Amino acid sequence: GVEAAAPPPERDGTRSERYGTVVVEKDLLRLSEALRREEVLSVDLETTSTDAAGADLVGISLGTRDGRCWYVPVGHRYLGAPAQVDSARALEILRPLLEAERPGKVGHNIKYDAVVLRRHGVRLGGLVFDTMVASYLIDPLRRKRPASSPFVPGLRSLLPTRRLCFSRRCSRRILRR
């Protein structure tokens with residue numbers, strides 16, 4: 001588990017067992033180290049564009065199989081934006097975790113995330129599952145494939161998971177058994 005990295009504080013100052021925002025370098029270091037012990041990790045990026053070739057990184061979401069997730073803001077630029085770890089420093093800290101074969105990485109359209117990370121000097125390693133590819137295989141005629149809802153009827157029975165969730169605090173939760 002990720003017990004070694006205490007759940008980051010929520011906005012109201014309380015601690016959450018499920019969701020957190022990591023805005024301090026020391027917490028990101030502890031989280032990165034703890035997540036290396038996971039079997040699988042969901043990865044999702046928040047960016048400025050749907051075009052991976054020109055997208056700037058805004059945030060990184062990381063989730064575990066048991067449904068815990070963390071959001072690491074790195075490029076929020078607006079009045080009142082939260083404190084955040086510098087983008088280059090956050091990627092330096094997360095590079096060993098993201099480039100390693102283990103934990104395996106899961107995502108929705110994870111090729112996009114891999115391209116954006118590669119542009120930022122990180123080679124995403126250990127890709128094991130893409131929920132968007134799975135949805136195409138199950139229903140190739142479906143036009144939309146949002147990460148915020150079950151992709152197609154029957155997907156739950158074909159995967160070793162119950163659902164993929166989307167939340168404001170963590171862009172994607174890992175596929176749960």
Side-chain angles (χ1 to χ4, degrees), residues 1-2 5 8 18-22 28 31-32 34-76 87 90-91 93-140 142-152 154-156 158-177:
V2 185
R18 292 279 179 210
Y19 310 105
T21 303
V22 182
L28 184 58
L31 179 65
S32 180
L35 290 176
R36 289 181 199 178
R37 294 188 294 272
E38 294 294 321
E39 180 183 337
V40 69
L41 184 67
S42 100
V43 177
D44 181 52
L45 303 181
E46 297 302 322
T47 61
T48 58
S49 173
T50 57
D51 177 12
D56 290 324
L57 194 56
V58 174
I60 305 164
S61 295
L62 303 166
T64 60
R65 182 178 300 266
D66 64 1
R68 292 170 294 154
C69 29
W70 295 265
Y71 180 68
V72 183
V74 296
H76 289 257
S87 176
L91 288 173
I93 291 168
L94 293 171
R95 179 175 284 108
L97 173 69
L98 295 173
E99 290 186 342
E101 290 301 308
R102 286 191 55 94
K105 313 309 183 298
V106 173
H108 186 74
N109 193 16
I110 201 159
K111 179 181 176 183
Y112 171 88
D113 297 322
V115 170
V116 172
L117 286 170
R118 184 67 187 119
R119 284 187 45 251
H120 287 85
V122 176
R123 284 187 186 270
L124 190 59
L127 301 177
V128 296
F129 194 77
D130 187 321
T131 57
M132 182 178 272
V133 171
S135 74
Y136 276 106
L137 294 173
I138 293 167
D139 185 358
R142 185 174 178 150
R143 296 187 71 186
K144 296 197 180 230
R145 299 173 194 287
S148 59
S149 64
F151 308 110
V152 291
L155 180 63
R156 290 180 189 156
L158 294 176
L159 302 177
T161 63
R162 289 197 55 219
R163 63 182 173 160
L164 181 68
C165 295
F166 202 90
S167 83
R168 297 184 85 183
R169 290 194 183 106
C170 180
S171 295
R172 229 171 248 102
R173 259 190 3 192
I174 192 69
L175 297 168
R176 292 178 65 166
R177 287 184 186 234

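The structure displayed is predicted, hence computed values, not measured ones. Only heavy atoms go into these numbers, but all of them, side chains included; no hydrogens, no water, no symmetry mates.
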Let me confirm one number: the [atom1]-[atom2] distance from [X] to [Y], rounded to the nearest 0.5 Å.
X      : Y      : atom1 : atom2 : value
Glu99  : Lys105 : CD    : NZ    : 9.0 Å
Leu91  : Leu28  : CG    : CG    : 9.5 Å
Leu31  : Leu97  : CG    : CG    : 8.0 Å
Leu137 : Met132 : CG    : CE    : 12.5 Å

(message) Checking the side chain of Thr48 only, and the main-chain atoms of Asp56 only, is there a donor and an acceptor separated by less than 3.5 Å?
(response)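 Yes; at least one donor-acceptor contact below 3.5 Å.
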(message) Can a donor-acceptor pair be found, under 3.5 Å and without considering hydrogens, that links the side chain of Asp130 to the backbone of Asn109?
(response) yes
(request) Might you point out which heavy atoms bring Phe129 and Ala134 nearest each other, and give the distance in Å? (result) CZ-CB, 3.6 Å
(message) Please give me the minimum heavy-atom distance between Ser49 and Asp51, naming the atom from each residue.
(response)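 Between these two residues, the closest heavy atoms are OG-N, 2.9 Å.
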Do the side chains of [Y] and [X] get nearer than 4.5 Å, heavy atoms only?
X     : Y     : value
Leu62 : Val22 : no
Leu94 : Leu35 : no
Val74 : Val58 : no
Pro73 : Thr21 : yes

Using distance only, find each side-chain donor-acceptor pair of residues 117-127 under 3.5 Å and give its atom names and separation, not counting sequence neighbours.
residue, atom, partner, partner atom, Å
Arg119, NE, Ala53, O, 3.1
Arg119, NH1, Ala52, O, 3.1
Arg119, NH1, Ala55, O, 2.7
His120, ND1, Val116, O, 2.8

(request) For Thr47, check side-chain hydrogen bond (donor to acceptor under 3.5 Å, both in side chains) against everything at least two apart and list the hits. (result)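 Tyr112.
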(message) So, using side-chain hydrogen bond (donor to acceptor under 3.5 Å, both in side chains) as the criterion, who are the partners of Arg36 when residues are at least two apart?
(response)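 Expected list: Glu33.
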